[in-house]
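Heavy atoms only: backbone and side chains are in, while hydrogens, waters and symmetry mates are out. Note that the structure is predicted; figures quoted are calculated from it, not measured. In what follows, chains are A, B, ... by sequence order, proteins preceding strands, each numbered from 1.
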Amino acid sequence: MKRFVYINDDDQSHDLYCDNRISNRKYTVLNFLPKNLWEQFSRFMNQYFLLIACLQLWPLITPVNPASTWGPLLFIFAVSATKEAWDDYNRYVSDKKANEKQVWVVKKGVKKHIRAQDIHVGNLVWLRENDEVPCDLVLIGTSEPQGLCHIETSALDGETDLKTRVIASACAGIELELLHKIKGVIECPPPDKDIRRFDANMRLFPPFLDNDVCPLTIKNTILQSCYLRNTEWVCGVAIYAGNETKLGMSRGVPEPKLTAMDAMIDKLTGAIFVFQVVVVIVLGVAGNVWKDMEARKQWYVQYPNEGPWYELLVIPLRFELLCSIMIPISIKVSLDLVKSLYAKFIDWDQEMMDTKTGTPSHAANTAISEDLGQVEYILTDKTGTLTENKMIFKRCCISGTFYGNETGDALKDVKLLNAVSGGSSDVIRFLTVMSICNTVIPVQSKNGVLSYKAQSQDEEALVRAASQLHMVFVKKNASILEINFNASLLQYELLDTLEFTSDRKKMSIVVRDCQSGKIFLLSKGADEAILPCACTGQQIRTFTEAVEQYAQMGLRTLCVAWRELPEDEYREWSLTFKEANSTLVDREWRVSEVCQRLEVGLEILGVAAIEDRLQDGVPETIETLRKAGINFWMLTGDKQNTAIQIALSCNFVSPEPKGQLLLINGKTEDEVCRSLERVLLTMRITNSEPKDVAFVIDGWALEIALKHHRKAFTELSILSRTAICCRVTPSQKAQLVGILKSCDYRTLAIGDGGNDVRMIQQADIGVGISGREGLQAARAADYSIGKFRFLKRLILVHGRYSYNRTAFLSQYSFYKSLLICFIQIFFSFVSGVSGSSLFNSVSLMAYNVFYTSIPVLVSVLDKDLSERTVMQHPQILFYCQAGRLLNPSTFAGWFGRALFHAIVVFLITIHAYANEKSEIEEVSMVALSGCIWLQAFVVAIETNSFTILQHLAIWGNLLGFYVINWIISSVPAAGMYTIMFRLCGQPSYWITMFLIVVCGMGPVIALKYFRYTYRSSKINILQQAERLGGPILSLGSIETQQRSLERELSALSISQPKSRSPVYEPLLLDSPSALRRSFGPGPHTDFRTRNYKDN
Amino acid sequence: MPASEGSPDSSSSSRKSSKKPKYSRFSQQELPAYKPILTPQWVITVFVFIGIVFIPVGLASLSAANQVEEISERYDDKCGPQTNNTCERKITVKKKMKNPIYVYYQLDKFYQNHRRYVKSRNDLQLRQTSRGREQAGCDPISNTANPIVPCGLIAWSLFNDTYKFSVKDKDINVDKKDIAWKSDKDYKFGSQVYPKNFQKGEGGIGGGKLNESLPLSEQEDLIVWMRTAALPTFRKLYGKITVDLEVNDVVTVKIQNNYNTYKYGGQKLLVLSTTSWMGGKNHFLGRAYLTLGAISLFIAGCFIVLYIIKPRPLGDPAYLSWNRYPGGGI
């Protein structure tokens, strides 16, 4: 179904297509209640509780007051619904903010300022420089004479360079005034999410007579969320709006995320449910048998001889209700509560606040903090996530002198500053090339502040650095370049530009010095492109060394050279250059050949080193997290070389001899297949060795691999701890996440741009960096953090604590429910298997809601190890990853404990309160207080760190139990009137309590002590070490050791003839010999954590 | 990476941001915490302490139980198998019993805690005259037309054996006043509520009848009976003997055997017992304390031995396996 967009037509197209209202909302006011209830009831647990609550309405079978289930159930539903409503309201508010942004739109021939949500398909939208594009537009006019405009698409695809877009050819040359009145029709495909493709036609109506259909491509469009740059204004026709834009379509519907822990809890709940059904059936049958065998003889019970048809069901159903407390109704409320507290702790954490911008971390999804502690794979974006997205000139080597080696920053090097002020000719030439040999445009704003517009961040960095060294590139006027050097104005006439191509790896300009009239060739480029062109006789050894040294530091290097051109040589060359430029066949090749002819005999001026700076703490963060057993994948839209370079410099790939990169590439299916097979083979072989192998794949190969060799690729994903995927599209990123998820790995995706949104939503956990590429990612993500390095704390501290706490809390919830339920079951054996309840309704409800919930809630403050210890021993995260603290076997432990404690409480109670003391209310309270005492001690023994709040909650709760029961006991109407006072006055009551506590806790402590001391887990050892005073091995010592090692080795490696600048050198050659290409020596860190899982 | 950037942190940290999260030790999870760990010393001390405390308490409990003199006499077999007859039993006092001597009747296999039974009562009608028509929950002993007071199975099955004691042909008075809880008499059973339609028709005649001229609050046997027992074997207070019984006194009990336990094969016992600070004669607590104390000491001993023969230093980094392998970055 094609869509026809009538340009600037106020009537026709309005109703056909949606307006530009963005909506991420899930509910409306009307459908909230039914939809929310439906969603809540699709959860098994809620269905179960509803069933129980309904059964309780039948007085024949209910052992307790129905309010004891209905109350908590309604409370739970109200809490969940309120939370959902609040979340949806927040989404509504953020949508509203985007929708109400003001945009200039032509309405009825007049340019008006309207809200972004009121843009309709077909409207003419006017944008100014640096505006965000509100919807997908087809360009029809720009301020630039050639009909060009520049846009930044980073929010869409993550590429940070500026892209050029042109207006539709039919609109070329239309006057500015007439643009308002333009009419026509655009025939375009229905909305899709392909951001690389747009095949449409446009036809303008008279008076813009151009009856030919004008084809449109993606080049003629600017898409939602891009930014207009370096262009004063553009005008476009809205073709897709609202949620139908390319970005909106690729946004995808976020699925509600369920943590691994929730899944485990659900599984355990299912198991308990099965157990419960078994118990119910067994007891139900036993009850019916007993009824027929014994109860009919018990005349005082007066069983009727003939019962109703459902008589056989009555006893099982009673037991079902009696055992329904086995599944704790409070668990969901408790979990929701503590989870929102975990989220709050993340929001509050000052150590995760970006002090530079003042952005605190934020947990948008409050439900998945435990998953952070179970992450196995981190998929990260590169630009803006690992790097600052800022290029900075750091060092240089000018005619054999190294600048910036001591200070780490050439701009602060006194030597260089002196050389500049001293007027050293080499340095001045170097700076001249830096400042003008580029395509940068200086822009002077009204208040005199100079800024630079550059397509390449490298060039901008060089120009900025030059201007800081007093060589200020001031103006570019047609072909006149003006430089301000030490207050004197230098002018150059730009004669020719020899453009940069990825084959040539260098760019040059030819300029004429306006004062002397001399002609110069200025060049800059990769070392391997420039150094061979050096004039004979020049010593290039120092430069080679400089390049190598800088490359070791992970800096991007550029060689700078120049040559004076004799007038006649230039004139002669210039003719051939013009000719080459106008050829139609093989133009690029011809031009480069001609350029090559001029770029010879260069005098190398020096080497500039630029840092595409990593964010603070990125290598450390990655190293720590890798130590913690987390695997890293880098998914980037960037070039392969850059990606590998960054991967190396941030510990992504371990250096030689541990590290190894395997490349998968190819343009055709066959090539990719062969490459994949080969890599897979290598991977299988090396998997047994303690090697750290990574594969590198680009977008093309990835697409083929995913389409045709999905199985092989999945195997590769499992084998490889590290991967670098370059040139991948947003949906490929999401697909990769999907592959890892399908292998049952917990994935975390981190990114900062709109291109990461899908990956972030697809992953189990999405983390957004609120960075320079806007806030899309942060908005879509579950967690937003200011800097990559906070990830370490997010995972190791918050994720781990959350996991531990939830593990305890959930199992404890089952423990306490099972405890009281087992007592009820035991009681049924002495009460004729008739399904009577030992405890009264009030006690049962209060047991779940107060007595046992409050103490365990403060376990959100529990810390088994201090944050410092965890940071120093990130390997400890493995306990969370492997789910060591919550799994069927730990659960079995809690189950056993519940059973044991129930036996203890029950047997002691019925023996201590036998004969004349066996009054039911008293016995019930004795058993209940026994449970409360035990649970207080269980919480205490499982608590690792006691803060004042924990003491208050645990012991205060115990006291609270008595206070509450004293209060109830003083109400004459209550069933248990005076009971508690009576009990508390009996010495035998207290003696019984202590007996229960010691008998219940003694074995627990003994066993725990034994395990703690003789079968200690790593956590225990670290706890002990912490207690003994400080960590065993401080991280500091490891680091210094590593650093010294590094220094030695790097000193070694400089003397070896090795790879050159990692920026331009293709590190990976697709030849069998180069397949196993390894990286520079260095210390190795390797943890075969994957194997832990099997242990 | 050379850390060569300036000092942005110091420059900006001075600038207060409005978005800065509120600092508190709670929000930063930095509340001062005490972190106990299970050191051998601590654990052994705890177990020794338990042993030291429990054994004396156990001995005290045991001696308290031993001070209690208890005589129990099963009579259902001798007086049965028919009900509504009288029989006589002679009980010899082995040790001197000081007054007050409590007289209990004991039933076994009697499920006062049965689901049908335990709920079959209506507390409202027992307390208030105005609610006398309330029959809710009393099924099957209920009648809305002629409301039964007290209704329900519990009251209906009231125990109705009676005992008359004599020593050396001298009757001993059994004090049946104040055998029920005071709170029950004051609040649970109304002083204005009189039995009505009780044991008349509905479900036939179950157990004992009530004197219709006495208010419920004074029907202490009923009040005691209606304090249902949690276990199928239970004793309920029948009365108190306020004279001492000397050694070798032969107590003759005339039993009016009314209550039908033969149908379900349960026993009926008559129990005479003195009391102590721990209550009746119950050795369980004392024995349990002694056993536990002994076990605690034994465990403590085991741990000490284990600690000596197989000492294990706490927090030994050697046990951190990731430090054992080479290539661990160390």
Side-chain angles (χ1 to χ4, degrees), chain A residues 297-302 345 347-348 350 355-356 358 360 408-409 614 619 690 830-832 834-836 875 910-912 915-920 923 944-947 972 977-978 987-988 991 995 998-999 1002 1006 1008-1009 1012-1014 1018 1021 1023-1025 1027-1028 1032-1033 1038 1084-1087, chain B residues 1-2 4 8-9 12-13 17 19-21 23 27-29 31 33-35 37-38 40 43 50 61 104 111 113-118 140 153 157 183 187 203 206 227-232 234-235 263-264 277-280 284-285 288 292 296 299 312 314-315 317 319-320 322 327 329-330:
Chain A
K297 286 191 237 156
Q298 312 278 352
W299 54 271
Y300 52 88
V301 182
Q302 280 212 337
F345 280 139
D347 291 359
W348 287 332
Q350 291 208 311
T355 41
K356 240 177 260 182
D409 186 354
L614 289 181
V830 298
S831 65
S834 58
S836 38
Q875 295 92 335
I910 64 167
H911 281 104
N915 297 334
E916 75 279 2
K917 280 181 179 168
S918 78
E919 201 276 321
I920 196 163
V923 170
N944 296 297
S945 64
F946 288 92
T947 66
Y977 178 55
T978 70
S988 57
I991 290 179
L995 182 63
V998 170
C999 197
K1008 197 174 156 91
Y1009 164 74
Y1012 192 83
T1013 317
Y1014 296 99
K1018 308 282 182 291
I1021 292 170
Q1023 278 172 338
Q1024 293 160 1
R1027 177 61 177 274
L1028 291 177
I1032 317 148
L1033 294 154
I1038 302 175
H1084 45 72
T1085 48
D1086 185 62
F1087 297 95
Chain B
M1 299 276 356
S4 51
D9 294 314
S12 54
S13 57
S17 166
K19 278 198 254 172
K20 201 167 184 172
Y23 175 85
S27 70
Q28 301 304 307
Q29 308 188 53
L31 288 172
Y34 166 61
K35 293 185 156 191
I37 63 167
L38 296 171
V43 172
I50 290 173
S61 309
Y104 299 99
Y111 290 88
N113 54 14
H114 193 278
R115 174 71 170 57
R116 271 177 75 85
Y117 187 86
V118 76
L153 284 170
S157 61
S183 59
Y187 294 98
R227 277 273 153 210
T228 47
L231 299 170
F234 58 89
R235 288 174 186 175
K263 200 171 174 189
Y264 62 87
W277 58 272
M278 283 284 288
F284 171 76
L285 284 177
L292 262 186
S296 292
I299 290 178
R312 173 138 169 164
L314 288 180
Y319 295 114
L320 283 174
W322 57 74
I330 315 298

(request) Identify which part of B/L31 has an atom lying under 4.5 Å from any heavy atom of chain A, answering side chain, backbone, both or neither. (result) both
(request) State, with a plain yes or no, whether a side-chain heavy atom of B/I37 is found less than 4.5 Å away from one of A/Q1024. (result) yes
(message) Please classify the contact of B/I50 with chain A as side chain, backbone, both or neither, using a heavy-atom distance under 4.5 Å.
(response) side chain
(request) Could you list the residues that satisfy side-chain contact (heavy atoms from CB on, under 4.5 Å) with A/S834, not counting sequence neighbours? (result) A/S831, A/S836, B/H114, B/R115
(message) Which one wins on heavy-atom pair count under 4.5 Å against chain B: A/G832, A/P987, A/S918, A/S988?
(response) A/S918
(request) Please state whether the side chain, the backbone, both or neither of A/T1013 comes within less than 4.5 Å of a heavy atom of chain B. (result) both
(message) Is A/N915 in contact with chain B via its backbone, its side chain, both, or neither, using a 4.5 Å heavy-atom distance?
(response) both
(message) Please report the interatomic distance CZ(A/F345) to CD(B/Q29), rounded to the nearest 0.5 Å.
(response) 4.5 Å
(request) Go through the atoms of A/V923 and report whether side chain, backbone, both or neither lie under 4.5 Å from a heavy atom of chain B. (result) side chain
(request) Please say whether more than 12 non-hydrogen atoms of neighbouring residues, nucleotides or ligands are located less than 6.0 Å from OH in B/Y187. (result) no
(message) Quick check for you: to the nearest 0.5 Å, what is the distance between A/K917 atom NZ and B/L231 atom CG?
(response) 13.0 Å
(request) Can you measure from OH (B/Y104) to CD (A/E916) and round to the nearest 0.5 angstrom? (result) 4.5 Å
(request) Answer with yes or no after comparing the ring centroid distance for B/Y111 and A/Y300 against a 6.0 Å cut-off, counting only values under it. (result) no
(request) Decide yes or no for B/Q28 and A/Q350: does some side-chain heavy atom of the first lie under 4.5 Å from some side-chain heavy atom of the second? (result) yes
(message) Need one label for A/Y1009: side chain, backbone, both or neither, based on atoms under 4.5 Å from any heavy atom in chain B.
(response) both
(request) Enter the distance from A/T947:OG1 to B/K35:NZ here, rounded to the nearest 0.5 Å. (result) 11.5 Å
(request) Examine whether an atom of B/F234 lies under 4.5 Å from a heavy atom of chain A, and if so say whether it belongs to the side chain, the backbone or both; otherwise answer neither. (result) both
(request) Could you pull out all residues at least two apart from A/K1008 that satisfy salt bridge (Lys or Arg N to Asp or Glu O under 4.0 Å)? (result) A/E942
(message) Determine whether A/I920 and B/R227 satisfy the following criterion, side-chain contact (heavy atoms from CB on, under 4.5 Å), listing intermediate values before the conclusion.
(response) CA-CA 7 Å; A/I920 196 163; B/R227 277 273 153 210; over 6 Å; no
(request) Identify which of B/W277, B/Y117, B/Y264 forms the greatest number of heavy-atom pairs closer than 4.5 Å to chain A. (result) B/Y264
(request) Could you check if a side-chain atom of A/L995 sits within less than 4.5 angstrom of a side-chain atom of B/F284, using non-hydrogen atoms only? (result) yes
